[in-house]
Amino acid sequence: MKVVAVIMAGGRGERFWPKSRSNMPKQFLSLTSDGKTMIQHTVNRIKSLIALEDIFVVTAVSYRELVKEQLPEIPVENILLEPVAKNTAPCIGLAAAYIKEKYEDAIMIVLPSDHLIKYNELFVDTLKDAIKVAEEANNMVTIGIMPSYPETGYGYIHFGSRKENTQGNVYEVVNFVEKPQLELAKEYLALGKYLWNSGMFVWKVSTILNQFEEFLPKMFIGLQEISKALKIGDMDEVENQFRMFDAESIDYGIMEKAKDIYTLPGNFGWDDVGNWLAIERINKTNEDNSVVKGNVITIDSKDMIIEGGEKLIATVGINNTIVVDTGDALLICSKDKTQDVKKVIENLKICNRREYL
(Lines give C-alpha, C1' and ligand atoms only; values in the text may rest on other atoms or scores of the structure.)
Protein backbone atom coordinates (compact mmCIF):
# COMPACT_ATOMS: atom_id res chain seq x y z
CA MET A 1 0.00 0.00 0.00
CA LYS A 2 1.13 3.54 -0.78
CA VAL A 3 2.77 5.29 2.19
CA VAL A 4 2.51 9.07 2.55
CA ALA A 5 3.53 11.57 5.22
CA VAL A 6 1.61 14.55 6.52
CA ILE A 7 3.67 17.25 8.27
CA MET A 8 1.68 19.61 10.46
CA ALA A 9 3.30 23.05 10.17
CA GLY A 10 0.73 25.63 11.16
CA GLY A 11 1.74 26.29 14.77
CA ARG A 12 2.98 29.59 16.18
CA GLY A 13 5.67 28.35 18.61
CA GLU A 14 4.72 31.00 21.15
CA ARG A 15 6.94 29.62 23.94
CA PHE A 16 9.95 30.48 21.72
CA TRP A 17 9.13 34.18 21.67
CA PRO A 18 10.78 36.57 20.83
CA LYS A 19 12.67 34.55 18.21
CA SER A 20 9.54 32.73 17.07
CA ARG A 21 7.08 35.30 15.69
CA SER A 22 3.78 35.15 13.85
CA ASN A 23 5.58 35.79 10.54
CA MET A 24 8.44 33.35 11.28
CA PRO A 25 7.35 30.64 13.74
CA LYS A 26 9.56 28.03 15.32
CA GLN A 27 9.27 25.33 12.64
CA PHE A 28 10.91 27.67 10.12
CA LEU A 29 13.81 28.58 12.42
CA SER A 30 17.23 26.97 12.71
CA LEU A 31 17.85 26.03 16.33
CA THR A 32 20.77 23.68 15.73
CA SER A 33 24.37 24.27 14.71
CA ASP A 34 23.94 22.70 11.25
CA GLY A 35 21.86 25.62 9.96
CA LYS A 36 18.87 23.50 8.93
CA THR A 37 15.42 24.58 10.03
CA MET A 38 13.07 22.39 12.06
CA ILE A 39 10.82 21.61 9.11
CA GLN A 40 13.80 20.80 6.90
CA HIS A 41 14.98 18.29 9.50
CA THR A 42 11.49 16.75 9.55
CA VAL A 43 11.52 16.15 5.79
CA ASN A 44 15.14 15.00 5.64
CA ARG A 45 14.67 12.27 8.23
CA ILE A 46 11.86 10.55 6.30
CA LYS A 47 13.21 10.87 2.73
CA SER A 48 14.63 7.35 2.86
CA LEU A 49 11.15 5.98 3.58
CA ILE A 50 8.78 8.22 1.63
CA ALA A 51 9.11 9.77 -1.81
CA LEU A 52 9.11 13.56 -1.87
CA GLU A 53 5.99 13.62 -4.05
CA ASP A 54 4.19 11.74 -1.26
CA ILE A 55 5.05 14.22 1.50
CA PHE A 56 2.28 16.71 2.28
CA VAL A 57 2.64 19.83 4.42
CA VAL A 58 -0.40 21.37 6.12
CA THR A 59 0.24 24.97 7.06
CA ALA A 60 -1.36 28.39 7.41
CA VAL A 61 -2.06 30.45 4.30
CA SER A 62 0.45 33.03 5.53
CA TYR A 63 3.24 30.41 5.67
CA ARG A 64 2.83 29.07 2.14
CA GLU A 65 5.81 31.02 0.76
CA LEU A 66 8.00 29.99 3.71
CA VAL A 67 7.25 26.32 3.00
CA LYS A 68 8.00 26.80 -0.70
CA GLU A 69 11.26 28.57 0.10
CA GLN A 70 12.50 26.08 2.69
CA LEU A 71 11.19 22.92 1.00
CA PRO A 72 11.57 23.59 -2.74
CA GLU A 73 11.64 19.84 -3.43
CA ILE A 74 8.06 19.37 -2.18
CA PRO A 75 5.46 19.70 -4.97
CA VAL A 76 3.52 22.95 -4.63
CA GLU A 77 0.22 21.06 -4.85
CA ASN A 78 1.27 19.13 -1.71
CA ILE A 79 1.23 22.32 0.37
CA LEU A 80 -2.22 22.22 1.93
CA LEU A 81 -3.47 25.50 3.36
CA GLU A 82 -5.52 26.15 6.49
CA PRO A 83 -7.37 29.48 6.18
CA VAL A 84 -7.65 29.61 9.99
CA ALA A 85 -6.03 27.63 12.81
CA LYS A 86 -8.39 24.91 14.03
CA ASN A 87 -6.12 22.51 15.97
CA THR A 88 -4.97 19.04 14.90
CA ALA A 89 -8.23 17.22 14.08
CA PRO A 90 -9.28 19.53 11.20
CA CYS A 91 -5.64 19.64 10.04
CA ILE A 92 -5.44 15.84 9.82
CA GLY A 93 -8.94 15.56 8.36
CA LEU A 94 -8.10 18.05 5.59
CA ALA A 95 -4.97 16.09 4.68
CA ALA A 96 -6.91 12.81 4.69
CA ALA A 97 -9.46 14.30 2.27
CA TYR A 98 -6.70 15.40 -0.13
CA ILE A 99 -4.91 12.04 0.03
CA LYS A 100 -8.18 10.13 -0.48
CA GLU A 101 -8.83 12.18 -3.59
CA LYS A 102 -5.33 11.44 -4.93
CA TYR A 103 -4.81 7.81 -3.91
CA GLU A 104 -8.22 6.57 -2.63
CA ASP A 105 -6.41 4.95 0.30
CA ALA A 106 -2.88 4.97 1.73
CA ILE A 107 -0.92 4.56 4.93
CA MET A 108 -0.72 8.04 6.42
CA ILE A 109 2.14 9.02 8.74
CA VAL A 110 1.35 12.19 10.69
CA LEU A 111 4.30 14.18 12.05
CA PRO A 112 4.70 17.55 13.79
CA SER A 113 7.12 19.89 12.02
CA ASP A 114 8.99 21.14 15.08
CA HIS A 115 10.56 18.06 16.69
CA LEU A 116 14.19 17.00 16.63
CA ILE A 117 15.37 13.38 16.54
CA LYS A 118 18.94 12.32 17.21
CA TYR A 119 18.93 8.79 15.77
CA ASN A 120 17.17 8.97 12.41
CA GLU A 121 17.72 5.33 11.42
CA LEU A 122 16.09 4.09 14.62
CA PHE A 123 13.22 6.49 14.00
CA VAL A 124 12.66 5.21 10.46
CA ASP A 125 12.80 1.60 11.70
CA THR A 126 10.10 2.45 14.25
CA LEU A 127 7.94 3.96 11.52
CA LYS A 128 8.37 0.80 9.41
CA ASP A 129 7.11 -1.31 12.30
CA ALA A 130 4.20 1.08 12.81
CA ILE A 131 3.27 0.85 9.12
CA LYS A 132 2.99 -2.94 9.38
CA VAL A 133 0.58 -2.63 12.30
CA ALA A 134 -1.49 0.08 10.58
CA GLU A 135 -1.89 -2.09 7.48
CA GLU A 136 -3.76 -4.67 9.56
CA ALA A 137 -7.53 -4.17 9.77
CA ASN A 138 -8.46 -0.74 11.18
CA ASN A 139 -5.57 -0.32 13.59
CA MET A 140 -4.33 3.11 14.60
CA VAL A 141 -0.76 3.51 15.83
CA THR A 142 0.81 6.22 17.95
CA ILE A 143 4.53 6.58 18.57
CA GLY A 144 5.22 6.98 22.28
CA ILE A 145 8.49 8.12 23.82
CA MET A 146 10.21 6.28 26.65
CA PRO A 147 10.22 8.88 29.47
CA SER A 148 13.57 9.73 31.02
CA TYR A 149 12.29 12.06 33.74
CA PRO A 150 8.89 13.03 35.24
CA GLU A 151 7.84 15.62 32.66
CA THR A 152 4.69 17.61 33.50
CA GLY A 153 4.43 19.35 30.14
CA TYR A 154 3.46 16.28 28.08
CA GLY A 155 0.40 14.09 27.88
CA TYR A 156 1.06 10.39 28.51
CA ILE A 157 0.06 7.10 26.89
CA HIS A 158 -0.83 4.27 29.28
CA PHE A 159 0.03 1.02 27.52
CA GLY A 160 -0.91 -2.57 28.35
CA SER A 161 -0.24 -5.98 26.84
CA ARG A 162 2.07 -6.66 23.95
CA LYS A 163 0.18 -7.12 20.67
CA GLU A 164 -0.11 -10.78 19.75
CA ASN A 165 1.46 -12.21 16.59
CA THR A 166 3.61 -9.13 16.11
CA GLN A 167 7.36 -8.82 15.96
CA GLY A 168 8.88 -5.91 17.83
CA ASN A 169 7.59 -3.80 20.69
CA VAL A 170 3.95 -3.13 19.89
CA TYR A 171 1.54 -2.63 22.79
CA GLU A 172 -2.17 -2.06 23.22
CA VAL A 173 -3.10 1.43 24.38
CA VAL A 174 -5.10 1.38 27.61
CA ASN A 175 -5.83 5.10 27.60
CA PHE A 176 -4.41 8.58 27.07
CA VAL A 177 -3.91 10.81 30.10
CA GLU A 178 -3.60 14.58 30.33
CA LYS A 179 -0.51 16.48 31.48
CA PRO A 180 0.03 15.35 35.09
CA GLN A 181 1.14 17.14 38.22
CA LEU A 182 4.71 16.37 39.29
CA GLU A 183 3.88 13.66 41.85
CA LEU A 184 1.70 11.80 39.36
CA ALA A 185 4.39 12.14 36.67
CA LYS A 186 6.85 10.53 39.10
CA GLU A 187 4.39 7.69 39.64
CA TYR A 188 4.04 7.15 35.88
CA LEU A 189 7.81 6.98 35.55
CA ALA A 190 8.11 4.43 38.37
CA LEU A 191 5.35 2.19 37.00
CA GLY A 192 7.06 1.81 33.62
CA LYS A 193 3.73 1.55 31.80
CA TYR A 194 3.51 5.11 30.54
CA LEU A 195 5.02 6.84 27.51
CA TRP A 196 5.18 10.48 26.53
CA ASN A 197 2.61 11.31 23.86
CA SER A 198 4.69 12.53 20.91
CA GLY A 199 1.79 13.50 18.65
CA MET A 200 3.06 11.16 15.88
CA PHE A 201 0.52 8.79 14.34
CA VAL A 202 0.28 6.10 11.65
CA TRP A 203 -3.00 4.81 10.13
CA LYS A 204 -4.78 4.18 6.87
CA VAL A 205 -6.64 7.12 5.39
CA SER A 206 -9.79 5.01 5.35
CA THR A 207 -9.31 4.14 9.03
CA ILE A 208 -8.99 7.70 10.27
CA LEU A 209 -11.92 8.87 8.14
CA ASN A 210 -14.05 6.11 9.69
CA GLN A 211 -13.02 7.45 13.10
CA PHE A 212 -14.09 10.95 12.11
CA GLU A 213 -17.45 9.56 11.03
CA GLU A 214 -17.95 7.84 14.40
CA PHE A 215 -16.58 10.39 16.86
CA LEU A 216 -16.65 13.72 14.99
CA PRO A 217 -19.67 13.26 12.68
CA LYS A 218 -20.23 16.96 12.02
CA MET A 219 -16.62 17.38 10.94
CA PHE A 220 -16.87 14.21 8.83
CA ILE A 221 -19.80 15.69 6.87
CA GLY A 222 -17.65 18.75 6.21
CA LEU A 223 -14.79 16.55 5.04
CA GLN A 224 -17.15 14.82 2.61
CA GLU A 225 -18.07 18.22 1.21
CA ILE A 226 -14.37 19.06 0.90
CA SER A 227 -13.83 15.84 -1.04
CA LYS A 228 -16.62 16.80 -3.44
CA ALA A 229 -15.15 20.28 -3.86
CA LEU A 230 -11.67 18.87 -4.55
CA LYS A 231 -13.06 16.73 -7.38
CA ILE A 232 -14.18 19.84 -9.24
CA GLY A 233 -11.38 22.13 -8.07
CA ASP A 234 -13.64 24.41 -6.02
CA MET A 235 -11.07 25.71 -3.54
CA ASP A 236 -13.41 28.41 -2.25
CA GLU A 237 -15.76 25.70 -1.02
CA VAL A 238 -12.83 23.82 0.56
CA GLU A 239 -12.00 26.98 2.50
CA ASN A 240 -15.63 27.61 3.46
CA GLN A 241 -16.06 24.09 4.83
CA PHE A 242 -12.80 24.27 6.78
CA ARG A 243 -13.80 27.55 8.39
CA MET A 244 -16.96 25.91 9.73
CA PHE A 245 -15.04 23.21 11.63
CA ASP A 246 -14.88 23.38 15.40
CA ALA A 247 -11.35 23.69 16.80
CA GLU A 248 -10.56 20.21 18.11
CA SER A 249 -7.44 18.20 18.91
CA ILE A 250 -7.10 14.73 17.42
CA ASP A 251 -6.29 13.42 20.90
CA TYR A 252 -9.47 14.67 22.54
CA GLY A 253 -11.71 14.29 19.51
CA ILE A 254 -10.74 10.75 18.50
CA MET A 255 -7.77 9.08 20.19
CA GLU A 256 -9.18 9.22 23.73
CA LYS A 257 -12.40 7.54 22.54
CA ALA A 258 -11.37 5.07 19.84
CA LYS A 259 -10.47 1.38 20.05
CA ASP A 260 -7.83 -0.71 18.28
CA ILE A 261 -5.03 1.73 19.13
CA TYR A 262 -1.48 0.50 19.52
CA THR A 263 1.72 2.21 20.54
CA LEU A 264 5.37 1.65 19.77
CA PRO A 265 7.83 2.91 22.39
CA GLY A 266 10.35 5.15 20.70
CA ASN A 267 13.92 5.41 21.93
CA PHE A 268 15.49 7.43 19.13
CA GLY A 269 16.60 10.62 20.87
CA TRP A 270 13.36 12.60 20.52
CA ASP A 271 12.91 16.19 21.65
CA ASP A 272 9.76 18.23 21.02
CA VAL A 273 11.73 21.50 21.41
CA GLY A 274 8.76 22.90 23.31
CA ASN A 275 10.45 25.89 24.94
CA TRP A 276 13.80 27.61 25.42
CA LEU A 277 15.11 24.90 27.76
CA ALA A 278 15.40 22.60 24.73
CA ILE A 279 18.32 24.70 23.48
CA GLU A 280 20.64 23.23 26.11
CA ARG A 281 19.44 19.70 25.31
CA ILE A 282 20.17 19.96 21.59
CA ASN A 283 23.34 22.07 21.64
CA LYS A 284 26.69 21.66 23.36
CA THR A 285 27.21 23.63 26.54
CA ASN A 286 30.44 25.47 27.41
CA GLU A 287 32.58 25.18 30.54
CA ASP A 288 29.96 27.16 32.49
CA ASN A 289 27.21 24.75 31.43
CA SER A 290 25.78 27.50 29.26
CA VAL A 291 24.70 27.75 25.62
CA VAL A 292 25.85 31.07 24.22
CA LYS A 293 25.30 32.46 20.72
CA GLY A 294 26.17 35.94 19.44
CA ASN A 295 28.29 38.76 20.81
CA VAL A 296 28.30 37.72 24.48
CA ILE A 297 30.51 38.16 27.55
CA THR A 298 29.65 36.26 30.72
CA ILE A 299 31.23 36.89 34.13
CA ASP A 300 30.41 34.65 37.07
CA SER A 301 27.36 33.43 35.16
CA LYS A 302 26.48 29.74 34.87
CA ASP A 303 23.70 27.55 33.49
CA MET A 304 22.67 30.26 31.04
CA ILE A 305 20.97 30.24 27.63
CA ILE A 306 21.91 33.38 25.74
CA GLU A 307 20.95 34.12 22.12
CA GLY A 308 21.93 37.44 20.60
CA GLY A 309 23.30 39.07 17.48
CA GLU A 310 25.74 41.89 16.87
CA LYS A 311 24.75 43.86 19.98
CA LEU A 312 26.97 43.05 22.95
CA ILE A 313 25.25 41.15 25.76
CA ALA A 314 27.14 41.08 29.06
CA THR A 315 25.99 39.18 32.13
CA VAL A 316 27.53 39.47 35.59
CA GLY A 317 26.68 37.18 38.49
CA ILE A 318 23.54 35.72 36.89
CA ASN A 319 22.65 32.01 36.92
CA ASN A 320 19.87 29.82 35.53
CA THR A 321 18.58 32.55 33.24
CA ILE A 322 17.52 32.79 29.59
CA VAL A 323 18.43 35.92 27.63
CA VAL A 324 17.22 36.32 24.04
CA ASP A 325 17.78 39.51 22.04
CA THR A 326 16.18 39.92 18.60
CA GLY A 327 16.88 43.62 18.08
CA ASP A 328 13.34 44.84 18.64
CA ALA A 329 12.64 42.68 21.70
CA LEU A 330 14.59 41.36 24.68
CA LEU A 331 13.52 38.39 26.80
CA ILE A 332 15.02 37.83 30.25
CA CYS A 333 13.47 34.77 31.86
CA SER A 334 14.26 32.50 34.79
CA LYS A 335 14.69 28.92 33.59
CA ASP A 336 11.98 27.67 35.92
CA LYS A 337 9.45 30.04 34.31
CA THR A 338 9.87 29.09 30.65
CA GLN A 339 6.28 27.84 30.40
CA ASP A 340 5.14 31.38 31.22
CA VAL A 341 6.66 32.97 28.12
CA LYS A 342 3.24 32.52 26.49
CA LYS A 343 1.89 35.00 29.03
CA VAL A 344 4.00 37.68 27.36
CA ILE A 345 2.15 36.91 24.11
CA GLU A 346 -1.19 37.15 25.90
CA ASN A 347 -0.21 40.53 27.37
CA LEU A 348 0.94 41.86 24.00
CA LYS A 349 -2.38 40.85 22.45
CA ILE A 350 -4.36 42.54 25.22
CA CYS A 351 -2.30 45.71 24.79
CA ASN A 352 -2.66 45.50 20.99
CA ARG A 353 1.13 45.59 20.54
CA ARG A 354 0.97 43.32 17.51
CA GLU A 355 4.25 44.55 16.05
CA TYR A 356 5.95 42.29 18.65
CA LEU A 357 3.86 39.16 18.03
*Indicate yes or no: at least one non-hydrogen side-chain atom of Asn139 is less than 4.5 angstrom from one of Thr207.*
no
*Answer yes or no: are there more than 12 heavy-atom neighbours, outside Lys257 itself, under 6.0 Å from its atom NZ?*
yes
*Inspect the surroundings of CG in Asn320 and state if more than 12 heavy atoms from other residues, nucleotides or ligands are less than 6.0 Å away.*
yes
*asked:* For Lys132 and Glu135: C-alpha separation, side-chain torsions, deciding distance, then whether salt bridge (Lys or Arg N to Asp or Glu O under 4.0 Å) applies.
replied: CA-CA 5 Å; Lys132 293 176 184 176; Glu135 284 179 324; over 6 Å; no
*Could Lys349 and Glu14 be called an ion pair, given the rule that one side-chain N must be under 4.0 Å from one carboxylate O?*
yes
_Lys68 NZ/CZ over Tyr63 ring centroid, <6.0 Å and within 45° of normal_ = no
_Minimum-distance pair of heavy atoms, taken over all atoms of Leu209 and Ala96_ = CD2-CB, 3.9 Å
*Are the aromatic ring centres of Tyr98 and Phe56 under 6.0 angstrom apart?*
no
*Would you give the length of the straight line joining atom CZ of Arg281 to atom CG of Leu116, rounded to the nearest 0.5 angstrom?*
10.0 Å
*Just wondering, are more than 12 heavy atoms of other shown residues or ligands nearer than 6.0 Å to CD in Glu77?*
yes
_Tell me whether Thr59 contacts the main-chain N or O of Ala9 through its side chain, where contact means a donor paired with an acceptor under 3.5 Å._
yes
_Keeping Thr338 on the side-chain end and Trp276 on the backbone end, is there a donor-acceptor pair under 3.5 Å?_
no
*Anything under 30° is parallel, anything over 60° is perpendicular, the rest tilted; go ahead and classify Phe268 against Phe123.*
perpendicular
*Side chain to side chain, Pro265 and Tyr171, heavy atoms closer than 4.5 Å*: yes
*Honestly, is Lys86 close enough over Phe245, meaning NZ or CZ under 6.0 Å from the six-membered ring centre and within 45° of the axis?*
no
*Keeping the roles fixed (side chain from Ser198, backbone from Ile145), state whether a donor-acceptor pair exists under 3.5 Å.*
no
*Check the pair Asp303 / Glu280 against side chain to side chain contact (heavy atoms under 4.5 Å, CB included), numbers first and verdict last.*
CA-CA 9 Å; Asp303 303 305; Glu280 61 188 5; 5.8 Å; no
*Counting N and O atoms only, with roles assigned by atom type, does the side chain of Ser113 sit under 3.5 Å from a partner on the main chain of Gln27, one being a donor and the other an acceptor?*
no
*Do Tyr188 and Trp196 make the cut of ring centroids closer than 6.0 angstrom?*
no
_Asp34 and Thr32 side chains, donor-acceptor separation under 3.5 Å_ = yes
*So which heavy atom on Leu331 is nearest to which on Trp17, and how close?*
CD2-O, 3.5 Å
*Identify the heavy atoms of Ser301 and Ser290 that sit nearest to each other, and give their distance.*
O-OG, 4.3 Å
_ILVMFWY cluster, Phe201 and Phe215 together (side-chain gap under 4.5 Å)_ = yes
_Has Lys163 got a side-chain atom pairing as donor or acceptor with Val133's backbone, closer than 3.5 angstrom?_
no
*For the residue pair Thr42 and His115, establish whether any side-chain heavy-atom pair is separated by less than 4.5 Å.*
no
*Just wondering, do Val202 and Leu264 contact through their side chains at under 4.5 Å, heavy atoms?*
no
_Can you confirm whether the side chains of Glu151 and Tyr149 place a donor and an acceptor under 3.5 Å from each other?_
yes
*Looking only at non-hydrogen atoms, find the nearest pair between Thr321 and Asn319 and report the distance.*
OG1-O, 2.8 Å
_Side chain Asn197, main chain Ile157, donor-acceptor under 3.5 Å_ = no
*Does a sphere of radius 6.0 Å around CD in Glu73 hold more than 12 heavy atoms from other residues, nucleotides or ligands, not counting ones at 6.0 Å or beyond?*
yes
_Salt-bridge present (Lys343, Glu346; N to O < 4.0 Å)_ = no
_Could you measure the distance from the CG atom of Leu182 to the OG1 atom of Thr152? Nearest 0.5 Å is fine._
6.5 Å
*Check whether any side-chain heavy atom of Ile109 sits under 4.5 Å from a side-chain heavy atom of Ile131, and report yes or no.*
yes
*Ile297 atom CD1, over 12 foreign heavy atoms within 6.0 Å*: no
*Quick one: do Leu71 and Ile50 end up in the same hydrophobic cluster if we chain Ile, Leu, Val, Met, Phe, Trp and Tyr together by side-chain heavy atoms under 4.5 Å apart?*
yes
*To the nearest 0.5 Å, how far apart are OG in Ser30 and CD in Gln70?*
9.5 Å
*Same cluster for Tyr252 and Leu216 if Ile/Leu/Val/Met/Phe/Trp/Tyr side chains link at under 4.5 Å?*
no
_With heavy-atom distances below 4.5 Å as the criterion, would you say the side chains of Ile254 and Met140 are in contact?_
yes
_Distance in Å, Lys293 NZ paired with Ile313 CD1, rounded so as to fall on 0.5 Å steps_ = 12.0 Å
*Just how far is it from atom NZ of Lys259 to atom CD of Glu172, taken to the nearest 0.5 Å?*
12.5 Å
*Answer yes or no: does atom CD of Glu355 have more than 12 heavy-atom neighbours from other residues, nucleotides or ligands under 6.0 Å?*
yes
*Check: Tyr154/Asp272 side-chain N/O donor and acceptor closer than 3.5 Å*: yes
*asked:* One pair to check against side chain to side chain contact (heavy atoms under 4.5 Å, CB included): Asn78 and Ile55. What are the steps and the verdict?
replied: CA-CA 7 Å; Asn78 286 16; Ile55 297 176; 5.5 Å; no
*If two hydrophobic side chains count as joined below 4.5 Å and joins carry through other members, does Tyr103 share a cluster with Val205?*
yes
*Answer yes or no: are there more than 12 heavy-atom neighbours, outside Asn23 itself, under 6.0 Å from its atom CG?*
yes
_Working for side chain to side chain contact (heavy atoms under 4.5 Å, CB included), residues Val6 and Ile99_ = CA-CA 10 Å; Val6 173; Ile99 296 164; 3.6 Å; yes
*Ser22 side chain to Leu357 backbone, donor-acceptor under 3.5 Å*: yes
*Does Asn283 use its side chain to pair, donor to acceptor, with the backbone of Leu31 at less than 3.5 Å?*
yes
_Shortest non-hydrogen contact between Glu53 and Pro75, atoms and distance_ = CA-CG, 3.9 Å
*Less than 4.5 Å apart, any side-chain heavy atom of Glu225 and any of Asp234?*
no
*Output the distance between atom CG (Leu127) and atom CD1 (Ile46), rounded to the nearest 0.5 Å.*
8.0 Å
*asked:* Heavy-atom count check: over 12 atoms from other residues, nucleotides or ligands less than 6.0 Å from Phe176 CZ?
replied: yes
*asked:* Would Asp114 and Phe16 count as a side chain to side chain contact (heavy atoms under 4.5 Å, CB included) here? Give the steps.
replied: CA-CA 12 Å; Asp114 55 357; Phe16 260 89; over 6 Å; no
*Report yes or no: do Ile107 and Ile7 belong to one cluster of Ile/Leu/Val/Met/Phe/Trp/Tyr joined by side chain heavy-atom distances under 4.5 Å?*
yes
_Counting C-beta onward and ignoring hydrogens, is there a side-chain heavy-atom pair between Lys335 and Leu277 closer than 4.5 Å?_
yes
*Please report the closest heavy-atom contact between Glu248 and Pro90, naming both atoms and the distance.*
O-CD, 3.4 Å
